[in-house]
Amino acid sequence: MSQTISRPDVSGIQSEIAKWGLSSTEDRLVKRMNSSMEEIQSFYDSMLPKLPNIIEYLNQFKLADLEGEDLLLSRAALAMCEVDNAVNKWKAPILSTGIDTLRMSKKSHFSDRTML
Amino acid sequence: MGNADITAIPPLGSHELGTEAIPSDHYSSDEFFELEKKHIFKKTWLMAGRESDLVKHGDYFTFYIDALEVSIIITKDKNNKINAFYNACTHRGAYVATESCGHAKFMTCDFHGWVFDSEGTLADVPSEELFGELDKSKLGLKPVTVDVWGGFVFINLDPKPEVSLEDYLAPLNKSFDKYLGNKDWSWSYGWRAEFNANWKLLVDAQIEGYHVDQTHRNTIAGAIPGTNAPAEVFPDSIGVPAKISAYRPDKMLGVQTDVALLSAKHGATSLYTKSENEFTADDGEGVLNEDHPLWIFDAYLIFPNIVLFIQKGQILVQRTLPVSADKCFWEVDFFHTGEIEDFGQAFNSEQGRIQIRDVLTEDLYTAEGIQKNFNAGVIKEVYINRQEISIRAYYHRLMSAVKGEGVSK
């Protein structure tokens with residue numbers, strides 16, 4: 001697909017994108033759990049105004065074609081899903097009324113019985 | 001629009017199975033656990049895997065029943081038939097398959113190299129002459145009863161189950177078999193965890209709506225009010241004692257965040273935000289309650305250890321497997337139709353998956369504390385309201401099973 005939507009200007013939040021644009025959900029979870037609320041809020045506040053345009057921009061490409069700075073940007077956008085509850089519901093980096101999320105080990109397929 | 005008959009939420013439940021308190025010792029007693037092993041895990045149909053993981057001749061996966069220390073191999077043979085065997089070399093008992101899944105038209109025991117084909121036949125014995133007279137035709141892998149329903153592979157350690165899988169799963173009829181068995185479903189992701197709790201406590205946590213408002217006060221409160229999660233029981237069913245359903249409120253309550261609303265433009269992974277772009281789903285007639293504008297999902301309890309969540313275009317399977325009376329493995333798996341191709345879909349998947357994950361951490365939060373109170377004898381009975389009737393139906397089915405009456409209710 002050809003590019004028809006311009007890349008949003010994220011130059012002012014590049015440091016936040018670099019810090020949170022981690023490659024996996026698990027990495028972003030650990031980042032959230034190990035961050036202060038101030039750090040989480042700073043990332044969220046800087047990303048949120050640009051998030052609709054970022055999603056719209058990235059959505060014009062095939063997922064598999066994302067690379068370089070766009071891949072980093074996509075991962076930072078996904079990190080917004082990780083911090084959303086912390087900012088808007090818990091007002092804390094970690095949910096106090098649930099088990100430790102790290103106890104939930106990611107499976108690789110339905111029949112995966114490997115454990116931790 | 002505005003038709004009260006269409007938008008009415010079903011009654012929350014009933015007291016048709018009684019109102020008495022339920023004893024708690026079946027969650028903590030070692031003696032009771034031995035009965036469960038004997039009468040349930042050795043006698044009932046157990047979901048072992050997914051048929052789509054057996055595409056071609058030689059594909060296999062294994063299924064381990066921790067409580068019994070039994071490993072099963074499920075294979076696809078050259079005639080496209082699915083077989084199940086005990087994962088035990090008939091020479092001296094070593095595992096024949098050591099991976100959770102793989103591809104091998106011939107499986108070779110790591111110990112001395114006995115070779116079995118995917119029909120379980122003993123195909124080769126190294127230095128066979130050392131055994132003298134060896135009748136290989138009698139030394140195939142020991143078979144296990146297997147059947148497929150809805151694309152899921154079930155095994156039964158009873159060589160001659162008293163009921164067929166199809167009969168066992170009634171009232172989940174052929175419509176469910178067809179919908180769930182659609183080849184387009186593919187495994188997307190899943191999690192697994194170990195708990196110091198009885199395996200049934202983690203089932204209980206998913207089959208009643210009474211807990212929603214309190215347990216999930218920090219996540220989805222308002223998105224699925226407890227009053228919108230009615231229960232229904234199937235007293236005539238052998239393998240499906242109950243179900244609960246979830247409906248949105250007429251007006252979404254609680255916190256609908258900017259991130260959730262952005263996600264909702266691109267898919268329907270999250271159960272807790274009304275999507276602008278729903279999953280597609282073929283053959284859902286008689287399965288999906290799409291006529292109800294507020295319906296989200298139905299969750300069926302499949303005895304003994306499965307909660308099967310069915311919504312349009314998404315299936316969640318929660319399985320628990322006991323290790324002992326107060327220890328178990330819990331897992332949940334997601335199936336979707338269609339591949340994620342663009343970033344919007346990826347964003348929706350990530351957001352929905354994280355929301356469900358965080359909600360599950362709440363569902364799983366209470367079990368270990370409850371277990372300690374049961375173990376200590378502090379709590380000897382529990383009280384069940386009509387919205388929790390699924391718990392009572394589960395208990396009744398459990399009790400009938402451990403009486404040694406086979407599958408009879």
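Residue numbers begin at 1 in each chain, while the letters A, B, ... track the order of the sequences. These numbers were taken from a predicted model, which means no experiment stands behind them.
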Among [options], which residue forms the greatest number of heavy-atom pairs with chain A at distances under 4.5 Å?
{"options": "Tyr64(B), Trp191(B), Trp330(B)", "answer": "Trp191(B)"}
{"options": "His216(B), Arg357(B), Glu341(B)", "answer": "Arg357(B)"}
{"options": "Arg319(B), Arg50(B), Glu99(B), Arg353(B)", "answer": "Arg319(B)"}
{"options": "Cys101(B), Ala48(B), Ala346(B)", "answer": "Cys101(B)"}
{"options": "Gln345(B), Glu362(B), Arg217(B)", "answer": "Glu362(B)"}

Using heavy-atom distances under 4.5 Å, tell me whether [X] contacts chain A through its side chain, its backbone, both, or neither.
{"X": "Asp358(B)", "answer": "both"}
{"X": "Thr62(B)", "answer": "backbone"}
{"X": "Asp333(B)", "answer": "side chain"}
{"X": "Leu364(B)", "answer": "both"}
{"X": "Tyr60(B)", "answer": "neither"}
{"X": "Glu331(B)", "answer": "side chain"}
{"X": "Phe334(B)", "answer": "neither"}
{"X": "Ala367(B)", "answer": "neither"}
{"X": "Tyr189(B)", "answer": "neither"}
{"X": "Ile340(B)", "answer": "both"}

Quick check for you: among [options], which has the greatest number of heavy-atom pairs under 4.5 Å with chain B?
{"options": "Phe110(A), Tyr44(A), Trp90(A)", "value": "Phe110(A)"}
{"options": "Leu58(A), Thr101(A), Thr97(A)", "value": "Thr97(A)"}
{"options": "Val87(A), Asp100(A), Leu95(A)", "value": "Leu95(A)"}

Derivation and outcome, side chain to side chain contact (heavy atoms under 4.5 Å, CB included), residues Lys56(B) and His103(B): CA-CA 9 Å; Lys56(B) 56 186 181 299; His103(B) 178 79; 4.0 Å; yes
Beyond-backbone contact of Ser188(B) with Phe335(B), side-chain heavy atoms, under 4.5 angstrom: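 No, every pair of side-chain atoms sits at 4.5 Å or beyond.
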Side-chain heavy atoms of Leu51(A) within contact of Val259(B), under 4.5 Å: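 They are in contact (side-chain heavy atoms under 4.5 Å apart), so the answer is yes.
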Pairs meeting criterion salt bridge (Lys or Arg N to Asp or Glu O under 4.0 Å) with involvement of residues 30-50 of chain A, two or more places apart: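 Of all non-adjacent pairs touching residues 30-50 of chain A, those that pass salt bridge (Lys or Arg N to Asp or Glu O under 4.0 Å) are Arg32(A)-Glu82(A).
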Pairs where residues 61-71 of chain B contributes a residue and the test salt bridge (Lys or Arg N to Asp or Glu O under 4.0 Å) is met, not counting sequence neighbours: Arg113(A)-Asp66(B)
Stepwise side chain to side chain contact (heavy atoms under 4.5 Å, CB included) check, Leu63(A) with Leu66(A): CA-CA 6 Å; Leu63(A) 196 59; Leu66(A) 290 176; 4.0 Å; yes
Contact summary for Asn59(A) and Phe343(B), nearest pair of heavy atoms: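 Scanning both residues completely, I find the closest heavy atoms to be OD1-N, 3.5 Å.
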Test: Arg103(A) and Glu368(B) ion pair at under 4.0 Å: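 A salt bridge is present here (some side-chain N lies under 4.0 Å from a carboxylate O).
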Result of checking Arg7(A), Lys62(A), Arg75(A) against Asp70(A) for salt bridge (Lys or Arg N to Asp or Glu O under 4.0 Å):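 Of the listed residues Arg7(A), Lys62(A), Arg75(A), the salt bridge (Lys or Arg N to Asp or Glu O under 4.0 Å) partner of Asp70(A) is Arg7(A).
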Aromatic plane relationship, Phe43(A) with Trp20(A) - under 30° parallel, 30 to 60° tilted, over 60° perpendicular: parallel
Flag for Ser100(B)-His109(A): side-chain donor and acceptor within less than 3.5 Å: yes
